[in-house]
Each structure stands twice: as structure tokens, then as C-alpha cells.
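Structure record follows, encoded as C-alpha cells.
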Amino acid sequence: MNGEGAPLVDVVGLRVTARGARGETVIVDDVSFKIARGEVVALIGESGSGKTTIALSLLGYARPGCRIDAGSIRVGNTMVHALSPSGLAQIRGRQVSYIAQSAAASFNPFQRVMAQVIESARIHHLLTRHAAEAKAKSLFRALALPDPDHVGRRFPHQVSGGQLQRLMAAMALITDPELVIMDEPTTALDVTTQIEVLRAFKSVVKQHHTTALYVSHDLSVVAQIADRIIVLRDGAIQEVGPTARILSAPTHTYTQSLLAAADPASHSTPSAPPPPRDPPLLQVKGLIAGYGGCTSQGLPQLPVLHDIDLTIQPGSVLGIIGESGSGKSTLARVVAGLLPAARGTITLDGQVLPAQAAQRTREQLRRIQIVFQSADVALNPAHRVTRILARPLRFYHGLSDADASRRVRTLLDMVRLSPALADRYPAELSGGQKQRVNLARALAAEPRLILCDEVTSALDTVVGAAILELLSELRRELGLAYMFISHDLSTVRAICDEVMILYAGQAVEYGHRSALLTPPRHPYTDLLISSVPELRTGWLDGISRFHLNEALDGTAVRSATSPCAFVSRCAMRIPGVCETQLPPVRHLPKGTAIHCHRTEQELLAAQTGPTPAAPAPTSHNTLYERTE
């Protein structure tokens, strides 16, 4: 443990209960732990394990319907559990601060960033406005924000997600709190953005000797920043220990299961794709699509996808991976007919499909089904599970009520759910159960191809791993093919045969999943692979300067003038060439095709040779200045 003397945080016998229709339920039971000054402790566990509930209790806060029922909470010299509402208001944002998971939902869109960052310092009368703004700019520099002297003038929508998350950290740190609570602060970020945020957080924590409680379900991320880990399940502590020991030699079986679920690819063996001589199930050629109507040339006003070609064989899985804004979900919507393509063809079983779903036959609609990311949005909250699943059974197969009822039970069994859940509403199901119902609804049509759009991204590690295993089992049992869309490379590796890498609507690499892991790769593919946190301590400190500069402040936005979408971020760009000439398609011997001006030998030398370790974050770490 870091620090000397009494611990800064001392929680003893914490008990939190929730009121429901059946009385009170214990959601946190007899939890005790300490945090030393300058120490970063992580709370790890599945959804519903009590992580955030425990973290919020250090602010003296319990969610609506919940209450802190027993135990003591001390932060510094303050007994938090004994404070009055006015006393709690004095410590919140001053003695204890909070960094939420979604900075976008936490900032006021109508106020400039600076006014919101300094608000706590002004409310608690700690600094004058001038002094608060000067301190904020100092924190902006420490957090490696671009243009630290002027970024505060912007509105929240005028900065990237990674920048907004770091601005929220500045907001939390401006009062010099004794304790900072970080509640899943990088979960909603792409892996490349996650690098810059994690490095900035770690640097500031070290510089300010900050004490922090880090809430997460991602052990790989926790390994980079936490000194000690507390493993939770069902509101109770299962195991506590130094980070390195928990990762290398966990003693509790539940911790061991979390570690196993953290790397789904390590225990997954996808089937080999069918021989290429088989007629393709789905073929997409020359696809161009976007939003906002068409120009006089018939192109979208807001183009998203640019000249996409892909093939899916019967019973195979194609992974589509890329950062937010790369066009992954747009591609699924175009294939499903929800968004008409401006140009190009989509062929299913040798038959060209109409661009719009409304123009497709019922049989064509049946063969392609889509499973959306958020089951909360996709499932009608006013309908019971049986009605949700019966609707496609009647629409596609014309089943009677009695036959549909029997088939609903079969569908629930197929997705490993109890038939007793048929009479429940979506709100009465867990996140994993809702996603299984979402999948069962697609299976009701008896499709040949399922478009899976980020189906595990909203789930914790263990539940997500279970959904992946279910998809693999259904593939083997039913001969299903999937287009599997994700921003998580390890998830794609676990289930897919072939992978397409998208960047700003362009396919930059396409090939078998095992070939993508072997250099040479497209520079963007190499950045993605190098940005996935490894399940070991010290990984973050060893990121090369080469990849760090590509990751910093990167967003998947296509240049209006450059033929290569990645040119503004690429550390290997060729001046005068990449900005003006369309990159050629190179078919590499390892079994992938890449779009790049660099030769195979040049890429191999850059990706296998020694690269310098990344320096500490500063606002001037980029190889190329970005204009905003």
C-alpha cells in the first residue's frame, strides 16, 4: 500500500438495501475495505455486483429506492454516513469528486466548457474566477488536451469524446479533492481514444498523488492504473489483493472466471470458413451510402460508406470492426434495407435485393435479420416476452396462437432461457437476458444471415462472453451466418472467420482473422491491434511513440480532399502521395488485402522493428498538428 499512517478511506460493514414490491432486498452486504493516501483501488465485478452502489456511498449517496442501511464510511476526518444533507453538499465536489462514465451526458450542452469545469471551485468559494480558470488551463495541459489555453471556450459538442472525458477529469480535480471516484470512465470510448484518456488519468494521478476508487468491469484496463483490486459479486467481496497478484494468481473461483472471460478469443475455436467455391450467401459490390438526400450526381449529401465490397459464405462469420464513425452500423442498416444505398448492389443467394426493405418480399426480409446493440431500445417495454417473440412467428410463418406459443418456448430454450420468462416484461429481465430475447426474436424468422450490431458492447465481460458462446453454438446447430459488428477486436477474434477493417467508411484491410494478427498490416489495423489493453500491468507504459501519436485525438472522419481516409493520422504517410493518389489494393501472401501506398516490406519493417516507448503525456505529443 502507498501512504503512511491511517488510511484516507475506511469503510466498515457497509450495507445498502433497495425497496421493491416484495419488500427490501440487500444489494450490498457487509462490505469493508480501506484505501491508503495516494493509492488507486479498483472495484471489479459484473453488472449488479454493487460496484457503483459502493462507490456512490462514499459520497453519502444512494440511488432512488435505495438506502445506506448500516455501516460506517470515513473519508479523511469526515464520517460521511453521519452527515446531514447540508454536510453532504459541502463534501461533494470538494472533498470527494466523481468522474462519470458518460461525459457527454454529464455536461450541459448550452454552457461553455470552462464555466462547467470551474463550477465546483466557485460553488465552494475556493478560488476567484481568474484563479480557477488559470488552474483549469494547468489541468488541461496535464491531461494532454489540445490547445489548453482556448479549449475551455468551446461547447461540449465541439470536442471529441476522449477530450470531453478528460475535461470531466479536470472538473473533478480542480478542487484538489482528497478522493476521486472514477466510475467506468473509459468504457464508452474506442480503444484508441481509451489510450489517451488512460494515460492522461494515470499521469495526473501520479503527479497529484491522488487517491482514487476506480470502478470497472474491464480487468485489462484496471491492470494499467490500479494498485489494488477488490473483486465483487452480488454485493459482497470475493477477493482482495495487489493488482499483479490478482491477475497472475487469483485464489477465488469467481475471480478466475472473470479473468477467463476477459479474453474470449483464448478459449474460442471458430469453424473454418466454407471453401470459396461455394456460392456466396451475401455479396456486396461497390456500395456507396450515406444520409441527407442525394446530390445531382446521385451521391449522398453526407457520405458514410465508400465503395464497399464484401462476401459472406453460408455458415460463416464476417467481422466488421472500426472506431465510432467508421460506418459499421450504417453498413448493417444498408444490408437490412433500412437505409437505401446510393450506388452498388446487394446480392443474397444469387438474387439482387431491392435497396429498401419496403420493396423486398417477405421471404427476402425473413432471410436477413438484425440484432441491435441496445435491447432496451429494441424490445417494446409494454409487451411481454411471449408477445414480442410471437409477432415474427405470425408475420413470417403464419402460425396460430397455439403453435406460436409452443414455438416461443422452443426459441427461449434455444437461447438458454427458462420458459418461465415468457410472461415477463423486458424491464423484469437482466441485460444479458434481454439481449438473448433480442436474439430469439431474430431466430423466430429462421433467417440465413443475422446482422449483429455491437450485441455485446453494452454488456459486462462475463455476460458478453456467454452471449458469444451462445452465438457460436447457434451457428453450429443451425448453420447460421453472421455479420458481426464491433469496435472490440478481441470479441471479433473470438467468433469471426474473416474480418473487414473500416475507417471513415473505407475498407482498409480484409482477410482471415488469424492473418490480421500477423504483420504486415495496414497502419490503421496495426494501431487498433496495438491499442487493445493487455491483461498485465505495465502495458500502458510500454506503448510506442509510433502508435501513441496516431491514437492521440483521433476520430474516424474522412478528409474531403484526400483519397486515403487515414492520411491525417497515419505515421507512415508519404507526403505528396497519400494526400493526392488513391491507395492501391495490395494482396499480401499471408491472406489479406490492404489499401495502402506502402509496400509489404516497408510495413513489415515498421511493425516488427524496435519502436521507442511513449513519453509522458503532453499537449505537444502529436506528430502532426490537428486543426479544429
Side-chain angles (χ1 to χ4, degrees), residues 6-36 39-101 172 177-184 211-217 226 228-241 252 254-255 258 424 427-433 460 462-463:
L8 175 69
V9 177
D10 191 4
V11 177
V12 179
L14 178 65
R15 175 186 169 99
V16 180
T17 57
R19 294 186 302 274
R22 301 176 183 177
E24 286 198 333
T25 302
V26 177
I27 56 175
V28 173
D29 190 19
D30 194 25
V31 166
S32 301
F33 62 91
K34 295 177 172 62
I35 306 177
E39 185 182 30
V40 179
V41 171
L43 295 179
I44 278 285
E46 300 172 69
S47 299
S49 62
K51 306 184 299 294
T52 297
T53 300
I54 293 169
L56 291 174
S57 72
L58 300 185
L59 287 159
Y61 178 80
R63 288 164 168 160
C66 301
R67 66 186 180 96
I68 299 173
D69 189 52
S72 64
I73 304 163
R74 179 180 62 79
V75 178
N77 297 320
T78 303
M79 302 305 292
V80 176
H81 64 280
L83 291 176
S84 64
S86 61
L88 290 172
Q90 288 299 312
I91 70 162
R92 292 172 181 169
R94 172 63 185 95
Q95 189 176 354
V96 184
S97 61
Y98 181 76
I99 301 175
Q101 176 175 341
E178 290 187 284
L179 175 68
V180 177
I181 297 168
M182 302 181 183
D183 191 359
E184 303 264 17
T211 306
L213 184 67
Y214 196 101
V215 176
S216 182
H217 66 265
R228 200 158 47 94
I229 293 175
I230 299 173
V231 181
L232 294 163
R233 186 182 192 186
D234 298 329
I237 292 176
Q238 308 297 305
E239 185 171 0
V240 182
H252 198 281
Y254 178 65
T255 310
L258 286 180
R424 294 191 185 181
E428 298 174 306
L429 305 176
S430 69
Q433 288 172 333
D460 62 55
V462 172
V463 177

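Side chains included, hydrogens not; waters and symmetry mates left out as well; all remaining heavy atoms used.
Atom CZ of Arg15 sits about 11.0 Å away from atom CD1 of Ile27, to the nearest 0.5 Å. Considering CD1 of Ile237 and CD1 of Ile230, their distance stands at 5.0 Å, rounded to 0.5 Å. The line from OG1 of Thr78 to CD of Gln95 is 3.5 Å long, rounded to the nearest 0.5 Å. Considering CD of Glu39 and CG of Leu213, their distance stands at 10.0 Å, rounded to 0.5 Å. Remark: Leu232 CG to Phe33 CZ distance equals 8.5 Å, nearest 0.5 Å. In this structure, CD1 in Ile54 is found 7.5 Å from OG in Ser49, a value given to the nearest 0.5 Å.
In this structure, Ile73 and Ser57 have side chains that are in contact, with non-hydrogen atoms separated by less than 4.5 Å. Taking 4.5 Å as the limit, every side-chain heavy atom of Pro177 sits out of range of all side-chain heavy atoms of Val96. Two residues are said to be in side-chain contact when any heavy atoms from C-beta on lie closer than 4.5 Å; Asp183 and Ile99 fail this criterion. Residues Val12 and Leu14 fail the side-chain proximity criterion, which asks for heavy atoms closer than 4.5 Å. Annotation: side chain of Ser97 is in contact with side chain of Val180 (closest heavy-atom distance under 4.5 Å).
Partners of Asp10 by salt bridge (charged side-chain N to carboxylate O under 4.0 Å, His left out), not counting sequence neighbours, listed by chain and number: Lys34. With sequence neighbours excluded, the residues forming a side-chain contact (heavy atoms from CB on, under 4.5 Å) with Arg67 are Thr17, Arg19, Glu24, Asp69, listed by chain and number. Legend: residues meeting side-chain hydrogen bond (donor to acceptor under 3.5 Å, both in side chains) with Thr255, ordered by chain and number and at least two apart, are Glu239.
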Set out, in order, the CA-CA distance, both residues' side-chain angles and the distance that settles side-chain contact (heavy atoms from CB on, under 4.5 Å) for Arg63 and Thr52, then state yes or no. CA-CA 10 Å; Arg63 288 164 168 160; Thr52 297; 3.1 Å; yes
Between Thr211 and Glu178, does the side-chain contact (heavy atoms from CB on, under 4.5 Å) criterion hold? Intermediate values first, please. CA-CA 7 Å; Thr211 306; Glu178 290 187 284; over 6 Å; no
Would you sort out whether Leu56 and Tyr98 count as a side-chain contact (heavy atoms from CB on, under 4.5 Å), showing the intermediate values? CA-CA 9 Å; Leu56 291 174; Tyr98 181 76; 3.8 Å; yes
May I have the step-by-step check of side-chain contact (heavy atoms from CB on, under 4.5 Å) for Tyr254 and Val231, ending in yes or no? CA-CA 9 Å; Tyr254 178 65; Val231 181; 3.8 Å; yes
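For the residue pair Lys51 and Ser216, the shortest heavy atom distance occurs at CD-O, 3.4 Å. In plain terms, the two heavy atoms of Leu88 and Val80 that are nearest each other are CD2-O, 3.9 Å. The two residues Val16 and Cys66 make their nearest non-hydrogen contact at CG1-CB, 4.3 Å. The two residues Gln90 and Arg94 make their nearest non-hydrogen contact at O-CB, 3.4 Å.
Looking only at distances, a side-chain donor or acceptor of Arg92 sits under 3.5 Å from a matching main-chain atom of Leu59.
For His217 and Glu184, the side-chain atoms include at least one donor-acceptor pair closer than 3.5 Å.
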